[in-house]
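Structure record follows, encoded as structure tokens.
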Number of protein chains: 2
Amino acid sequence: MNTQDLIKKFRKNGYKATSQRLAICKLILSRKDHPTADQIYQVLKEEYPTISLTTIYNTLRILVELGLIQELGFNEGSIRYDPDMELHINMVCSKCGKIDDYKAENIIQLWNTIISDLGFKPIGQRIDIYYECEECK
Amino acid sequence: MNTQDLIKKFRKNGYKATSQRLAICKLILSRKDHPTADQIYQVLKEEYPTISLTTIYNTLRILVELGLIQELGFNEGSIRYDPDMELHINMVCSKCGKIDDYKAENIIQLWNTIISDLGFKPIGQRIDIYYECEECK
DNA sequence: TATTGATTTGTAATCATTATTAAAATAGTT
DNA sequence: AACTATTTTAATAATGATTACAAATCAATA
């Protein structure tokens with residue numbers, strides 16, 4: 001999603017398209033490592049020295065509401081943000097917490113089987129696999 | 001798992017079988033609603049008025065280590081504890097946070113297919129489905 | 001460009017969890 | 001049953017992530 005589309009999306013939903021919001025969007029939508037709010041803050045501080053963590057949190061909440069990203073709560077106590085809204089598996093290293101997305105072949109089949117049994121369409125889903133990554137072994 | 005087996009399990013792993021630990025175990029292993037540490041604390045305070053949250057957390061950590069329960073971090077900021085270590089789906093209400101376990105019929109087969117593609121045996125997994133429960137609708 | 005209301009920011013507050021440490025309880029041994 | 005070394009508990013303080021608040025700033029519209 002490019003900047004113009006983002007601006008439109010914000011305005012259509014009654015939100016102002018501030019430079020901070022656009023910067024946060026561009027960052028989170030481009031990253032695949034599921035950063036925390038603080039990690040986003042640390043990066044954006046360089047370009048926007050007065051940006052505050054509150055703004056990061058507020059913007060992330062809006063992006064969740066607009067369906068652009070997904071929140072993933074983990075056991076270490078922090079929430080990570082995932083811009084991949086398609087069906088996928090989060091490969092989570094139990095030691096270092098690193099996360100990679102994994103698009104398995106049969107996952108769509110698995111998913112369709114599950115939801116056809118449910119009888120209704122769920123709002124969303126989350127599939128994690130926990131393992132020990134190469135660096136940690 | 002009965003009390004005697006629990007005592008054996010603790011001792012075999014170098015942990016003392018204190019009454020607090022046994023009470024926490026019995027409670028968490030019998031509940032299906034994935035309680036938080038504080039919810040467990042609130043219940044056990046009745047029977048053990050001097051029990052502390054620290055003890056709850058310490059014991060839960062041991063139970064995770066012994067493979068008896070699973071930690072599930074959620075977005076509202078709290079960790080919930082799930083005594084069901086078998087493959088199952090957490091049906092999570094996006095509004096009230098209620099969680100029910102759901103054992104779908106064909107999941108295990110499909111899941112095994114996905115796992116075998118990985119080439120290694122994962123430590124664990126987690127499958128959530130988010131929806132709006134009856135009471136919240 | 002002026003106005004109005006939303007947004008940002010810095011600070012303080014909150015909540016869950018962890019660290020610390022003296023006192024109490026346990027398991028193994030006499 | 002008592003002894004003792006060691007672990008565990010429990011109370012408090014500390015930490016870290018997130019949220020609340022209020023004054024200053026900015027975006028959108030006229």
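Each chain gets a letter, A, B and so on, in the order its sequence line appears, and its residues count up from 1. Small disclaimer: the values here were computed from a predicted structure and weren't measured.
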### Query
Going by heavy atoms in the side chains, are B:Leu63 and B:Arg21 under 4.5 Å from each other?
no
### Query
Under 4.5 Å between any side-chain heavy atoms of B:Phe10 and B:Ile62, yes or no?
yes
### Task
Determine, using the 4.5 Å side-chain heavy-atom cutoff (strictly less than), whether B:Leu29 and B:Tyr48 are members of one ILVMFWY cluster.
yes
### Query
Taking everything shown except B:Gln109 itself, do over 12 heavy atoms lie less than 6.0 Å from its CD?
no
### Task
Decide if atom CD1 of B:Ile108 counts as having more than 12 heavy atoms of other residues, nucleotides or ligands within a radius under 6.0 Å.
no
### Message
Strictly under 4.0 angstrom, non-hydrogen atoms only: write out the protein contact profile of nucleotides 10-17 of chain C, one letter per nucleotide from the 5' end, B, S or -.
### Response
BB----SS
### Message
Filter on salt bridge (charged side-chain N to carboxylate O under 4.0 Å, His left out), then keep only pairs touching residues 22-47 of chain A, sequence neighbours left out; what's left?
### Response
A:Arg31-A:Asp33
### Task
Decide whether B:Ile89 and A:Phe120 are clustered together by the hydrophobic rule: side chain heavy atoms of Ile, Leu, Val, Met, Phe, Trp, Tyr closer than 4.5 Å, transitively.
yes
### Message
Of all nucleotides in DNA chain D that come within under 4.0 Å of a heavy atom of chain B, which is furthest toward the 5' end and which toward the 3' end?
### Response
D:dT6 to D:dT12
### Single-linkage hydrophobic cluster B:Leu72~A:Ile79, side-chain heavy atoms < 4.5 angstrom
no
### Task
Tell me which residues in residues 8-30 of chain A put a heavy atom below 4.0 Å from DNA chain C, sorted by number, or none.
A:Tyr15, A:Lys16, A:Thr18, A:Gln20, A:Arg21
### Query
Pairs in or reaching into residues 119-128 of chain B: which pass side-chain hydrogen bond (donor to acceptor under 3.5 Å, both in side chains), with residues at least two apart or in two chains?
B:Asn90-B:Asp128, B:Arg126-B:Asp128, B:Asp128-B:Tyr130
### Task
Flag the pair B:Gln39 / B:Arg80 as yes when at least one side-chain heavy-atom distance between them is below 4.5 Å, and no otherwise.
yes
## Note on the structure
Where DNA chain D forms runs of at least three Watson-Crick or G-U pairs (i with j, i+1 with j-1, under 3.5 Å), the stems are C:1-30 with D:1-30
### hydrophobic_cluster_shared for A:Tyr131 and A:Phe74, side chain cutoff 4.5 Å
no
### Query
Just checking, is any N or O donor in the side chain of B:Asp84 or B:His34 under 3.5 Å from an acceptor N or O on the other one?
no
